[in-house]
Student: 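Before I ask anything, let me first share the structure, which is written out below as structure tokens.
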Amino acid sequence: MQNDVRELRVESGMSQRELAEKLSVSRQTVNSIETGRYDPSLPLAITIARHFHRTVEEIFHVDT
């Protein structure tokens, strides 16, 4: 699954550590999501979407 987390984070001027703190996850988790090595759980995906005021579908995309 592809996602726009890195782009949204950079656009908002946040570091991975800052985003991790807002989401109550580790910086490594944010890094793994951004690089596509880890697909977040549905509750975490919803939390990410709410943080960026987007829908889950706007941030996470099925690989084509």
Side-chain angles (χ1 to χ4, degrees):
M1 180 179 341
Q2 298 176 355
N3 68 74
D4 299 329
V5 174
R6 182 184 308 259
E7 292 83 0
L8 292 167
R9 176 183 58 77
V10 169
E11 188 177 286
S12 69
M14 298 180 79
S15 69
Q16 286 183 344
R17 183 171 309 284
E18 291 169 327
L19 180 58
E21 289 172 3
K22 295 282 186 184
L23 301 175
S24 298
V25 299
S26 70
R27 186 203 56 80
Q28 290 86 353
T29 297
V30 171
N31 180 271
S32 292
I33 292 168
E34 289 183 354
T35 58
R37 291 181 302 198
Y38 173 70
D39 291 333
S41 65
L42 182 55
L44 180 53
I46 291 169
T47 300
I48 292 168
R50 287 182 178 163
H51 175 78
F52 290 114
H53 306 287
R54 306 282 170 95
T55 65
V56 171
E57 295 83 2
E58 289 176 309
I59 297 175
F60 297 94
H61 316 279
V62 177
D63 291 337
T64 54

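All residue numbers refer to positions in the sequence shown, counting from 1. Small disclaimer: the values here were computed from a predicted structure and weren't measured.
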Student: Does any part of the side chain of L19, heavy atoms only, come nearer than 4.5 Å to the side chain of R27, both counted from C-beta?
Tutor: no

Student: From I59 CD1 over to T55 OG1, what is the distance, rounded to the nearest 0.5 angstrom?
Tutor: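 One gets 7.0 Å once the value is rounded to the nearest 0.5 Å.
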
Student: Applying side-chain hydrogen bond (donor to acceptor under 3.5 Å, both in side chains), which residue pairs with at least one partner in residues 43-52 are found, sequence neighbours left out?
Tutor: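 Every pair satisfying side-chain hydrogen bond (donor to acceptor under 3.5 Å, both in side chains) with a residue in residues 43-52: there are none.
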
Student: For the atom pair OG (S26) and CD (E21), what is the distance rounded to the nearest 0.5 Å?
Tutor: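 Interatomic distance, S26 OG to E21 CD, rounded to 0.5 Å: 11.5 Å.
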
Student: Whether the side chain of R9 engages the backbone of M14 through a donor-acceptor N/O pair (distance < 3.5 Å, no angle test) should be reported.
Tutor: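 Looks like yes, one N/O pair under 3.5 Å.
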
Student: Treat each ILVMFWY residue as a node, draw an edge where side-chain heavy atoms are under 4.5 Å apart, and state whether F52 and L42 are in one component.
Tutor: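 Yes, it is one cluster - the side chains of F52 and L42 are joined through contacts under 4.5 Å.
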
Student: Ignoring hydrogens and angles, state whether a donor on the side chain of S15 or R17 is under 3.5 Å from an acceptor on the partner side chain.
Tutor: no

Student: Assess, by modelled atom type and distance only, whether the side chains of S32 and T29 contain a donor and an acceptor separated by less than 3.5 Å.
Tutor: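 Absent: no donor and acceptor within the cut-off.
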
Student: Where do H61 and E58 come nearest, in terms of heavy atoms and distance?
Tutor: CE1-O, 3.4 Å

Student: Identify the two heavy atoms, one from A45 and one from V56, that lie closest to each other, and give their separation to 0.1 Å.
Tutor: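 Reported closest heavy-atom pair: O-CG2, 3.9 Å.
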
Student: Return the CZ to CZ distance between R54 and F60, rounded to the nearest 0.5 Å.
Tutor: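 One gets 12.0 Å once the value is rounded to the nearest 0.5 Å.
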
Student: Check whether any side-chain heavy atom of I48 sits under 4.5 Å from a side-chain heavy atom of I33, and report yes or no.
Tutor: yes

